[in-house]
Amino acid sequence: MHTDHERCLRAVRSKDARFDGWFFTAVLTTRIYCRPSCPVVPPKARNMRFYPSAAACQQAGFRACKRCRPDTSPGSPEWNARADSVARAMRLIQDGVVDREGVHGLAGRLGYSARQIERQLLAELGAGPLALARAQRAQTARLLIETTGLPMAEIAFAAGFSSIRTFNDTVREVFALSPSELRARSADGRRRRADASAAPSADRSTDRPADRSAPGVISLRLPFRAPLTPDNLFGHLAATAVPGVEEWRDGAYRRTLSLPYGHGIVALSPRPDHIACRLSLTDLRDLTVAISGCRRLLDLDADPVAVDERLRADPLLAPLVDKAPGRRVPRTVDAAEFAVRAVLGQQVSTAAARTHAARLVTAHGVPVHDPEGGLTHLFPTSEALAALDPETLAFPRSRRTTLTTLVAALADGTLRLGPDSDWDRARAQLAALPGFGPWTVEVIAMRALADPDAFLPTDLGTRRAARELGLPATPAALTARAADWRPWRAYAVQYLWATSDHPVNHLPA
């Protein structure tokens, strides 16, 4: 979009927050870059340049605006709607792969050379993988500086910097403040808000902390593009929660997280203009991947205006969209975990699926301590489940075979599910496993692989809703009708499911 100069100008002049994250505005006279919705008076058109990423702005010598904080914009929805190498690379960079495995590790996961990945990212984003990872490290550092009392040296290494000097130089270059000045500025802002007895800023597109948290705990706001209807999103997660791993408590969805350096517990609460996020981590180096996982779980980088505009064009779907615009697809923080849970949920009730999963968690999950709630375990890894005795499973023999074959393929790396998955290849691999029919393959594609065009024409809930709306109810006819909903058929499924009175469609009391 950044190449369409006139469209970008219109977005900046209207301060349209829908375009935050799609592109960034750099101002030649001040050497500052902003989000499109920045509240300051727009500069003259001749002084504006548009870039596709914050990293490209930083690489061109611009620093982040202190007013609109463009580095905290929602992620571009483009990376969630595409399955090419650039989109897969961006999802991996957001998960911190470059920091943990380097550019060669990123390239290896994608099946390309490091030079090819560098060239593709430069062509489309104006910055290579190292620059993109550096921008993300700067954002992580800012969060830790402003939300914790950790010494700067610990923050530097937790954010992924290789040295304190690089940390200091990067923070100063990106934010035009030293780390100490950034912390002091944040503290001054909190004091002014407290003195004024005002509510915290309702800036819908920042992730400013609501308060300074206890050691190891970070509170922040996760931005999203409005509108967002939370009912089916949080309702689904709460209704299908696995005891010990997930729970709904005090207005928040809580769950345990398995992370590269340790584990964590997250609490996510819907608010009118953001998602309140409280993270408890055993190792702060996991902050980046934890935030990325939470955003993916709640589908927060989606573009609801584009989705709803497409679906509203169907006269039979339009009333559903107008009634509750901005529905998201409830996803997962761990694709392998969801694949296992999809198998456990085959042809059984939601309650039975939860019971089966809870037994696996108790027997094979790693125990954790949760002083604030009732969470007890991490969901078992594929390696742990691959070692279980199939005879201990209270399933039909065919279901045991399906589960054991799946976890064996996940454990030995034959099947890899995650942000870097090629959607078509993953579908083909899943379909080749015993017991994997179209429903199981597509529900994994929709919720674990985050394919926005995944579709479930054989699902009973989808077919029942279609029939009541006057849509074709047979899988073949419904698939043909849904061609006009592409590439957003996964969202159409959410609107169809929401016509029922099932608990997944309601926020818990």
Side-chain angles (χ1 to χ4, degrees), residues 24 32-33 35 53-59 61-75 93-100 102 127 129-190 205-213 215-223 259-262 264 277-295:
F24 296 82
I32 287 173
Y33 73 94
R35 63 175 73 209
S53 65
C57 294
Q58 294 168 18
Q59 194 159 274
F62 296 92
R63 64 182 186 274
C65 173
K66 298 174 184 175
R67 181 81 178 273
C68 72
R69 300 156 71 100
D71 55 307
T72 65
S73 299
I93 292 170
Q94 290 167 355
D95 263 3
V97 167
V98 172
D99 290 335
R100 295 192 302 273
L130 288 176
L132 292 164
R134 174 180 179 269
Q136 184 161 275
R137 283 195 295 273
Q139 164 66 356
T140 302
R142 185 186 66 80
L143 281 174
L144 292 173
I145 290 169
E146 294 183 343
T147 63
T148 75
L150 287 173
M152 295 300 176
E154 290 186 31
I155 288 176
F157 296 112
F161 289 96
S162 59
S163 71
I164 297 175
R165 179 176 179 177
T166 304
F167 161 72
N168 286 328
D169 291 345
T170 299
V171 170
R172 190 182 296 276
E173 180 180 337
V174 173
F175 303 112
L177 294 169
S178 69
S180 298
E181 291 169 338
L182 195 59
R183 175 169 282 174
R185 179 186 175 92
S186 174
D188 288 344
R190 284 194 297 274
S205 52
T206 69
D207 55 1
R208 279 196 294 259
D211 54 59
R212 183 68 63 95
S213 303
V217 177
I218 298 172
S219 297
L220 59 145
R221 301 178 178 189
L222 301 181
L259 299 165
Y261 296 105
C277 174
R278 181 177 170 86
L279 276 166
S280 175
L281 303 174
T282 58
D283 192 318
L284 288 176
R285 289 177 295 175
D286 286 321
L287 178 61
T288 297
V289 67
I291 292 175
S292 176
C294 292
R295 296 193 63 82

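Residue indices begin at 1 and follow the sequence shown.
- Atom CZ in Arg285 sits 11.5 Å away from atom CG in Leu259 (nearest 0.5 Å).
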(message) side-chain contact (heavy atoms from CB on, under 4.5 Å), that's the test. Do Leu284 and Tyr261 meet it? Break it down for me.
(response) CA-CA 9 Å; Leu284 288 176; Tyr261 296 105; over 6 Å; no

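- Nearest heavy-atom pair across Gly160 and Asp99 is O-OD1, 4.5 Å.
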(request) Quick one: do Val97 and Val289 satisfy side-chain contact (heavy atoms from CB on, under 4.5 Å)? Show the steps, please. (result) CA-CA 9 Å; Val97 167; Val289 67; over 6 Å; no

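- Between Arg134 and Thr170, the closest side-chain pair of non-hydrogen atoms falls below 4.5 Å.
- Listed here is the closest heavy atom pair of Phe24 and Pro70: CE2-O, 3.4 Å.
- Ser163 places a side-chain heavy atom less than 4.5 Å from the side chain of Thr166.
- Inter-residue side-chain proximity for Val217 and Thr148 is flagged as unmet; no heavy-atom pair is nearer than 4.5 Å.
- Rounding to the nearest 0.5 Å gives a distance of 4.5 Å between CD of Glu146 and CZ of Arg69.
- Using a 4.5 Å heavy-atom cutoff, the side chains of Ser178 and Asn168 are not in contact.
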(request) Could you walk me through whether Ile164 and Met152 pass the side-chain contact (heavy atoms from CB on, under 4.5 Å) test, one step at a time? (result) CA-CA 8 Å; Ile164 297 175; Met152 295 300 176; over 6 Å; no

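- The shortest heavy-atom contact between Ala159 and Leu144 is N-CD1, 4.3 Å.
- Looking at heavy atoms from C-beta onward, Gln136 lies in side-chain contact with Thr288 at the 4.5 angstrom threshold.
- Within the 4.5 Å cutoff, the side chain of Val171 has no heavy atoms near those of the Leu177 side chain.
- Between Asp71 atom CG and Phe175 atom CZ the span is 4.5 Å, to the nearest 0.5 Å.
- The CG atom of Leu150 sits 7.5 Å away from atom CD1 of Ile218, with the distance rounded to the nearest 0.5 Å.
- Distance check, rounded to the nearest 0.5 Å: CZ of Phe62 to CD of Glu173 gives 12.5 Å.
- Using a 4.5 Å heavy-atom threshold, the side chains of Arg100 and Pro260 count as touching.
- Considering all non-hydrogen atoms of both residues, Leu132 and Ala55 come closest at CD2-CB, 3.5 Å.
- Across every non-hydrogen atom of Gln59 and Ala131, the tightest pair is OE1-CB, 3.1 Å.
- Between Asp286 and Gly262, the closest heavy-atom pair is OD2-N, 3.1 Å.
- Using a cutoff of 4.0 Å between basic side-chain nitrogens and carboxylate oxygens, Glu181 and Arg185 are not scored as salt-bridged.
- Side-chain contact check for Tyr33 versus Arg63: every heavy-atom pair is 4.5 Å or farther apart.
- Rounded to the nearest 0.5 Å, atoms CD (Gln139) and CG (Leu287) are 9.0 Å apart.
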